[in-house]
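Here is the structure we will look at.
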Amino acid sequence: MNKKSSSSLWVSFVVSSCASVILSFFLGSWIIIFFRRMGIVDFRLPFPYEMIVISVFSGIIIGTIMMLIVGCSIINPLAKLREAIREVARGNFDVRLDEKIGIEQIREMVHDFNIMADEISGIETLRNDFIANVSHEIKTPISSIEGYATLLQNDEITEQDRKEYSEFIFESAKKLSTLTSNILKLSKLENQEIVQVKNKFSLDEQLRLAILTLEPQWTEKEHELDIELEHIIYFGSEELLLQVWLNLLVNAVKFTPSKKKISVSLYREDGAVVVKIADEGIGIPKEAQSHIFEKFYQADKMRSSGGTGLGLALVSRIVTLCEGSVSVESEEGKGSVFTVKLPE
Ligand SMILES: Nc1ncnc2c1ncn2[C@@H]1O[C@H](COP(=O)(O)OP(=O)(O)OP(=O)(O)O)[C@@H](O)[C@H]1O
Ligand SMILES: [Mg+2]
C-alpha cells in the first residue's frame with residue numbers, strides 16, 4: 001500500500017471516530033432533554049449521576065453501531081483480502097474478489113490484488129503451455145531416433161537404407177540440439193532485465209558478417225541480395241544483436257523460393273537506428289502475423305520447413321532487452337519486411 005492510501009485510510013478512521021463522538025454527544029443531549037422534559041431525572045441535584053450514566057450508555061451504543069459499520073466496510077473486505085492472498089500462496093490462482101467496496105483505498109487494494117492474480121495465472125498458463133510445447137517438440141525427434149535406431153539393428157537392411165536411417169538419426173539429433181540450445185538461450189534472456197555487456201561496434205560490418213555467414217544457404221537458392229548499409233557505430237550487445245540478424249536472415253532465406261530477392265538496409269531515422277530485412281517469399285497470413293513472435297509458433301501447421309518456432313521469440317526478447325522494437329509487414333505470396341528499431 002502506498003503512503004497516500006495508508007494516510008487516507010487513517011483519515012477514514014479518524015473521521016469515523018469523530019463522527020462517533022459527535023453523534024454520542026447529540027444522542028446523549030437529546031436523551032437528557034427528553035428525560036428532563038418527562039421529569040424522570042432531576043438535574044438540579046449537586047452531582048448529575050444520571051447524566052453521566054446516560055452519556056456513557058449513549059456513547060457505548062453509538063460507538064458500537066459505528067464500529068459495526070466501520071467493521072463491515074473495512075475489516076470484512078480486509079479479512080476477505082487476507083484469505084484470498086492465502087489462497088494464492090497455496091497455489092490457487094483462480095481466486096478473485098468483488099470490487100464493489102465503499103472505501104476507495106480498500107477498493108483500490110482489491111482491484112490491484114485482482115490484477116496481480118490475473119497476471120500470475122497468465123504466467124502459470126504460459127508456463128504450462130511452454131512445458132507442454134517443449135515435451136511435444138522433444139518427443140518427436142526422440143521417437144524418430146528410437147525408430148530408426150531400431151531399424152538399424154536389423155542386419156538384413158541394405159547399405160543404402162543404413163545410410164538413410166543414419167541421416168535421419170543425425171537430423172533428429174541436430175534438431176534436439178538446436179531446440180535445447182534455443183530453449184536455454186531464451187530462458188537465460190527471459191531471466192535477464194538489462195543488457196549486461198555492451199560495446200561499440202560497427203553495425204554495418206556486423207550485418208555484412210551475418211549475410212556472409214549464411215552465404216552457403218542463399219547461394220544454394222540463388223537469391224539476389226540487395227544490400228544498402230549506412231556506416232553506423234552502435235553501442236550495445238554485439239553478441240545478442242548478431243543473433244537477431246542471423247535469425248531474421250535465416251527466415252528470409254528459408255521462406256523465400258529460389259531466384260528471388262532479399263534486401264537488407266540500415267539507416268538512421270528519428271533518433272533511432274533502423275534495420276530492414278525484406279524478402280519476396282511466401283509471406284505470412286494476416287491472422288498469423290500477431291503470433292509469429294510467440295514461442296513455438298509456426299504459421300505452417302505442418303511444420304514442413306523444419307525449425308523450432310523459437311527464432312522470432314528470441315529476436316523479440318533480445319530487441320526488447322535492447323529497448324528497441326521489431327515489427328512485420330507481410331502479404332501472402334508477395335513477401336515480408338521485418339523492421340528492427342534500436343535507440344541510439
Ligand atoms: N520471412 C518470413 N517469411 C514467411 N514466414 C515467416 C518469415 N519469418 C517467419 N515466418 C513465419 O513465422 C514463424 C516463426 O518464425 P521463427 O523464426 O520463430 O520459427 P522457425 O523459423 O519456424 O523456426 P526456428 O527459427 O526456430 O528454426 C515461421 O515458422 C514462419 O511461419
Ligand atoms: Mg526462424
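Counting starts at 1 for both ligands and their atoms, in listed order.
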Would G309 count as a polar contact of ligand 1, with the cut-off being nitrogen or oxygen pairs under 3.5 Å?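 The answer is yes, given that G309 and ligand 1 share an N or O pair closer than 3.5 Å.
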Any N or O of A299 closer than 3.5 Å to N or O of ligand 1: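 Between A299 and ligand 1 (N or O atoms, distance only) the closest approach is under 3.5 Å.
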R162 and N154: which non-hydrogen atoms are nearest, and at how many Å?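 Nearest pair, atom of R162 first, then N154: NH2-O, 4.1 Å.
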Side chains of [Y] and [X]: any donor to acceptor distance under 3.5 Å?
X    : Y    : result
K276 : T339 : yes
E108 : H111 : no
Q243 : N247 : yes
Q217 : K254 : no

Quick one: nearest non-hydrogen protein atom to [atom], plus distance?
atom                    : value
atom 27 (O) of ligand 1 : G307 CA, 3.3 Å
atom 18 (O) of ligand 1 : L312 N, 2.8 Å
atom 1 (N) of ligand 1  : D279 OD2, 2.9 Å
atom 17 (O) of ligand 1 : N251 ND2, 2.8 Å
atom 11 (C) of ligand 1 : I292 CG2, 4.0 Å
atom 24 (P) of ligand 1 : T308 N, 3.5 Å

On a heavy-atom basis, I'd like to know which of E332, K254, H291, Q298 is closest to atom 22 (O) of ligand 1.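 Considering heavy atoms of E332, K254, H291, Q298, the nearest to atom 22 (O) of ligand 1 sits in Q298.
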As a check for students: among F293, F296, F255, identify the option with a heavy atom nearest to atom 2 (C) of ligand 1.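 Shortest heavy-atom distance from atom 2 (C) of ligand 1: F255.
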To the closest 0.5 Å, what do you measure between CD (Q289) and CD1 (I284)?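 One finds 6.0 Å between CD of Q289 and CD1 of I284.
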Exceeds 12 heavy-atom contacts within 6.0 angstrom, atom CD of E164: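 It does: E164 CD has more than 12 such atoms within range.
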Could you list which atoms of ligand 1 come closer than 4.0 Å to a heavy atom of Y297?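 The list of qualifying atoms is 13 (C), 14 (C).
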Output the list of atoms in ligand 1 that are nearer than 4.0 Å to some heavy atom of G311, sorted by atom number.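 Near G311, the atoms of ligand 1 are 16 (P), 17 (O), 18 (O), 24 (P), 25 (O), 26 (O).
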L248 and ligand 1 - part of the residue with a heavy-atom distance under 4.0 Å: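 For L248, no heavy atom sits under 4.0 Å from ligand 1.
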Which part of I284 is near ligand 1, with near meaning a heavy atom under 4.0 Å away: side chain, backbone, both or neither?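 Under 4.0 Å from ligand 1, I284 contributes side-chain atoms alone.
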Any I262 side-chain heavy atom under 4.5 Å of D226 side chain: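 Heavy-atom side-chain distance check fails, nothing below 4.5 Å.
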Kindly confirm whether the Mg ion (ligand 2) is within less than 2.8 Å of some N/O/S atom in N247?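 Short answer: no, not a single N, O or S atom is under the cut-off.
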Look at the rings of F201 and Y234 and say which category their plane angle falls in: under 30° parallel, 30 to 60° tilted, over 60° perpendicular.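 Plane angle over 60°, so perpendicular.
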Residue among F338, W245, Y267 satisfying side-chain contact (heavy atoms from CB on, under 4.5 Å) with V275: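 The residue from F338, W245, Y267 that satisfies side-chain contact (heavy atoms from CB on, under 4.5 Å) with V275 turns out to be W245.
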